[in-house]
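These notes concern the structure reproduced below.
Counting starts at 1 for both ligands and their atoms, in listed order. Computed from a predicted model, the values in this text were never measured in an experiment.
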Amino acid sequence: MTNSETKATLSFSDGSASLEMPIYKGSVGPDVIDIRKLYGATGMFTYDPGFMSTAACNSSITYIDGDKGELLYRGYPIEQLAVNGGDFLETCYLLLNGELPNATQKTEFVDTVTKHTMVHEQMQFFFRGFRRDAHPMSVLVGTVGALASFYHDSLDINDPHHREVSAIRLIAKMPTLVAMAYKYSIGQPFVYPRNDLSYSANFMHMMFSTPCEPYKVNEVLVRALDRILILHADHEQNASTSTVRLAGSSGANPFACIAAGIACLWGPAHGGANEAALSMLEEIGSVDNIPEFIAQVKDKNSGVKLMGFGHRVYKNYDPRAKLMRETCYEVLNELGLQDDPLFKLAMALEKIALEDEYFVSRKLYPNVDFYSGIVQRALGIPTSLFTGIFALARTVGWIAQWKEMISDPEQKIGRPRQLFVGSPKRDVPPIDQRG
Ligand code: SDX
């Protein structure tokens with residue numbers, strides 16, 4: 001971060017105040033105006049609901065160019081990482097450490113993560129408190145938060161070793177907890193992790209194997225899942241990452257912060273969109289119904305949105321959506337489902353939307369969630385678990401951002417202000433004098 005020669009000057013038309021503010025330049029992307037002296041100098045706050053024009057931190061982890069449709073993890077384009085950048089654990093190492101691992105570093109990292117995939121045997125009893133049809137995200141919020149009660153040896157956020165151990169534990173145990181949530185929902189026994197399988201193969205094994213017969217890992221499907229995890233690993237200061245940072249700014253332990261991130265990701269406007277996008281495709285049902293559905297979306301009173309479309313930052317095609325569509329082809333071809341009606345419906349809907357002025361004028365393009373539901377459904381993952389898979393993938397991004405925040409000398413407890421529009425001070429009337 002460097003100081004720009006140019007300063008920002010704020011002056012009021014009535015001449016009541018004038019303030020000069022520094023401008024900082026990052027390595028790429030928009031500059032920022034440092035407004036920290038604004039309140040002290042003017043007695044006023046900025047006003048920016050949804051933080052459309054507000055940078056809450058400086059970060060070196062992920063960069064998005066919304067106009068170009070570009071996504072970089074530590075400078076590497078997502079297209080390169082997802083296609084020839086190795087597996088998800090290599091991306092995890094990159095996001096956590098800033099550089100891709102060499103062969104030795106990768107082996108050590110994989111071994112460390114592999115050795116932490118089991119959860120405490122008592123964790124299973126938390127599941128029994130849930131109804132079998134509980135949404136997996138409610139189970140994950142509960143069980144991830146509960147991890148803090150088992151790891152008192154890694155809760156000191158000011159101890160770098162504790163931060164490192166908690167990061168590994170969370171990355172390693174999320175697949176186990178997500179698979180346990182699935183097994184619990186279908187009444188099958190939990191499957192222990194296996195150290196002889198890769199991260200994604202181990203997850204597929206914990207999800208789909210049973211004690212009754214050997215489970216054969218399909219490497220094409222494992223690679224597809226691994227790519228889904230890479231595509232979802234991190235994404236700048238999105239709502240759930242900002243939630244993790246805000247929770248962490250109070251000094252909360254990492255397990256509590258990740259549980260908060262999971263809760264935020266659950267929302268249909270955010271991580272819940274993949275589940276909502278698949279439900280939308282099932283509701284549309286056939287290509288013939290697309291025009292009527294699009295008309296509903298254009299009718300503001302309907303409250304209907306084109307789920308899996310639009311993005312706060314991408315005003316071009318989400319690069320992850322392109323890669324997800326390619327993964328769709330690979331998986332459906334591998335499974336002999338080339339004619340999957342939902343995939344054909346999704347492509348028809350995408351084509352129509354991308355030619356429609358309503359979406360073009362609002363720069364609404366497919367985002368990562370538009371195709372991810374179709375791929376996950378083809379992998380045998382139930383719709384209700386899609387956002388749980390998103391949380392599994394995003395845990396490394398949340399943790400990397402949390403670690404960056406904790407070690408940032410500028411970080412303070414997050415505490416936004418407000419524009420108060422309620423009642424000025426007034427006296428409490430006796431009850432017999434109230435309206
Ligand atoms: C994720 O932030 C991240 O990085 C998130 C994420 C990540 O990796 O962490 O990328 C993951 O959350 C992807 C987004 C998943 N959500 C959805 O697919 C749900 C559908 N999308 C919308 O809810 C919406 O597009 C948002 C929430 C994603 C973005 O909303 P914004 O930036 O606040 O945009 P907006 O609501 O101001 O929309 C601008 C206009 C509005 O119309 P007008 O008022 O100008 O007439 O576009 C319209 C909106 O009504 N619009 C849509 C739409 N999205 C925006 N209209 C129909 N369908 C949509 N999907």
Side-chain angles (χ1 to χ4, degrees), residues 48-56 59 61-67 69-73 78 82 91 95 137 228-245 261-281 283-284 290 293-324 346 349-350 352-354 356-374 386-387 389-398 400-401:
D48 187 14
F51 311 117
M52 306 278 279
S53 299
T54 296
S59 178
I61 300 173
T62 296
Y63 176 70
I64 302 168
D65 184 320
D67 294 327
E70 212 171 63
L71 169 58
L72 310 176
Y73 288 168
I78 192 68
T91 292
L95 290 169
M137 291 298 273
I228 289 172
L229 300 182
I230 291 171
L231 295 178
H232 288 82
D234 194 48
H235 215 239
E236 286 192 3
Q237 307 309 317
N238 57 83
S240 53
T241 297
S242 300
T243 301
V244 170
R245 278 181 172 259
I262 294 170
C264 177
L265 187 72
W266 192 356
H270 189 16
N274 49 22
E275 181 178 347
L278 195 81
S279 304
M280 173 190 74
L281 290 170
E283 183 197 327
I284 295 172
I290 290 178
F293 181 79
I294 293 280
Q296 268 190 309
V297 170
K298 292 178 182 176
D299 170 11
K300 291 287 181 191
N301 300 322
S302 74
V304 175
K305 288 210 182 261
L306 192 53
M307 299 313 281
F309 264 69
H311 198 277
R312 171 61 56 77
V313 178
Y314 288 122
K315 299 310 171 190
N316 196 325
Y317 212 100
D318 181 337
R320 302 170 297 176
K322 276 192 192 119
L323 290 158
M324 198 62 81
L349 182 57
E350 174 192 319
I352 292 169
L354 292 182
D356 186 304
E357 180 51 29
Y358 180 90
F359 300 96
V360 173
S361 63
R362 290 169 176 79
K363 299 188 174 182
L364 300 177
Y365 292 86
N367 59 50
V368 67
D369 295 300
F370 188 60
Y371 285 102
S372 72
I374 301 169
F386 290 173
T387 312
I389 304 285
F390 195 152
L392 192 175
R394 187 54 59 87
T395 291
V396 63
W398 289 330
Q401 299 271 351

Q.
Using a 4.0 Å cut-off to any heavy atom of Arg312, which atoms of ligand 1 qualify?
A. 29 (C), 31 (P), 32 (O), 33 (O)
Q | Check: Val368 N/O within less than 3.5 Å of ligand 1 N/O | A | no
Q: Mark the output for Lys298 as yes if a heavy-atom distance to ligand 1 is under 4.0 Å, and as no if none is.
A: no
Q) With respect to atom 12 (O) of ligand 1, which of Met307, His235, Met280, His270 exhibits the smallest heavy-atom separation? A) His270
Q. Looking at Tyr358, does the NZ or CZ of Arg362 lie under 6.0 angstrom from its six-membered ring centre and within 45 degrees of the ring axis?
A. yes
(Q) Quick one: does any side-chain atom of Arg320 pair with a main-chain N or O of Ile230 as donor and acceptor, under 3.5 Å? (A) no
Q.
Does Phe293 form a side chain to side chain contact (heavy atoms under 4.5 Å, CB included) with Met280? I'd like the steps, not just the answer.
A. CA-CA 10 Å; Phe293 181 79; Met280 173 190 74; 3.5 Å; yes
Q: Report, in ascending order of atom number, the atoms of ligand 1 lying under 4.0 Å from any heavy atom of Val297.
A: 57 (C)
Q. Do Glu236 and Ser59 have side chains that get closer than 4.5 Å, going by heavy atoms?
A. no
Q) Is any side-chain heavy atom of Leu306 less than 4.5 Å from a side-chain heavy atom of Leu364? A) no
Q.
Would Asn367 count as a polar contact of ligand 1, with the cut-off being nitrogen or oxygen pairs under 3.5 Å?
A. yes
**Q.** Flag: protein heavy atom within less than 4.0 Å of atom 38 (O) of ligand 1
**A.** no
Q.
side chain to side chain contact (heavy atoms under 4.5 Å, CB included) for Ile389 and Phe386? Distances and angles first, verdict last.
A. CA-CA 5 Å; Ile389 304 285; Phe386 290 173; 5.6 Å; no
**Q.** Under 4.0 Å to a heavy atom of Ala273 - the qualifying atoms of ligand 1, by number
**A.** 15 (C), 16 (N), 17 (C), 18 (O)
Q) Given the rule in the side-chain hydrogen bond (donor to acceptor under 3.5 Å, both in side chains) test, do Ser53 and Asp48 qualify, once you have shown the distances and angles that lead to the verdict? A) CA-CA 7 Å; Ser53 299; Asp48 187 14; 4.7 Å; no
Q: Provide, to 0.1 Å, the distance between atom 47 (O) of ligand 1 and the closest protein heavy atom, together with that atom's residue and name.
A: Arg362 CD, 3.6 Å
Q.
If the contact criterion is a heavy-atom separation under 4.0 Å, does Arg320 count as touching ligand 1?
A. yes
Q: Go through ligand 1 atom by atom and flag the ones less than 4.0 Å from a non-hydrogen atom of Gly308.
A: 17 (C), 18 (O)
Q) For ligand 1, is any non-hydrogen atom under 4.0 Å from Asp318's backbone (N, CA, C, O), its side chain (CB onward), both, or neither? A) neither
(Q) Tell me if a side-chain donor or acceptor on Asn367 pairs with a main-chain N or O of Gly310 at a distance below 3.5 Å. (A) yes
**Q.** More than 12 heavy atoms from other groups under 6.0 Å of NZ on Lys298
**A.** yes
(Q) Starting from atom 16 (N) of ligand 1, what is the nearest protein heavy atom, named by residue and atom, and what distance separates them? (A) Ala269 O, 2.9 Å
Q.
Determine whether any protein heavy atom is located less than 4.0 Å from atom 35 (P) of ligand 1.
A. no
**Q.** Non-hydrogen side-chain atoms of Tyr314 and Pro319 separated by less than 4.5 Å
**A.** yes
Q. Can you check side chain to side chain contact (heavy atoms under 4.5 Å, CB included) on Leu265 and Thr387, steps first, answer last?
A. CA-CA 8 Å; Leu265 187 72; Thr387 312; 4.2 Å; yes
Q. Does Arg394 approach ligand 1 within less than 4.0 angstrom via side chain, backbone, both or neither, non-hydrogen atoms only?
A. side chain
Q: Counting heavy atoms only, name the option from Tyr358, Phe309, Phe359 that's nearest to atom 21 (N) of ligand 1.
A: Phe309
Q. Among Lys300, Lys305, Lys363, which residue places a heavy atom closest to atom 22 (C) of ligand 1?
A. Lys305
(Q) Counting non-hydrogen protein atoms only, what is the nearest one to atom 28 (C) of ligand 1? Give residue, atom name and distance. (A) Gly310 O, 3.7 Å
(Q) In this structure, is the centre-to-centre distance between the rings of His235 and His311 below 6.0 Å? (A) yes
Q | Check: Leu306 N/O within less than 3.5 Å of ligand 1 N/O | A | yes
Q.
Please check this pair: side chain of Asn274 against backbone of Ser372, looking for a donor-acceptor N/O pair closer than 3.5 Å.
A. no
**Q.** Subset of ligand 1 atoms that lie under 4.0 Å from at least one heavy atom of Asn238
**A.** 2 (O), 3 (C), 4 (O), 5 (C), 9 (O)
Q: Would you verify that at least one protein heavy atom lies under 4.0 Å from atom 30 (O) of ligand 1, or report that none does?
A: no
Q) Can you tell me which residue and heavy atom of the protein come closest to atom 56 (N) of ligand 1, and the distance to 0.1 Å? A) Leu364 CD1, 3.7 Å
Q: Give the contacting part of Asp369 toward ligand 1: side chain, backbone, both or neither, where contact means a heavy-atom distance below 4.0 Å.
A: side chain
Q: Verify side chain to side chain contact (heavy atoms under 4.5 Å, CB included) between Leu72 and Thr62, making sure each step is shown before the conclusion.
A: CA-CA 6 Å; Leu72 310 176; Thr62 296; over 6 Å; no
Q: Quick one: look up the protein heavy atom nearest atom 6 (C) of ligand 1 and list residue, atom name and how far away it is.
A: His311 NE2, 3.7 Å
Q) Do Tyr365 and Phe309 have ring centroids that are under 6.0 Å from one another? A) no
Q: Please verify whether a non-hydrogen atom of Glu236 lies at under 4.0 Å from ligand 1.
A: no
Q: Might you check, step by step, whether the distance between atom 26 (C) of ligand 1 and some protein heavy atom is under 4.0 Å?
A: no
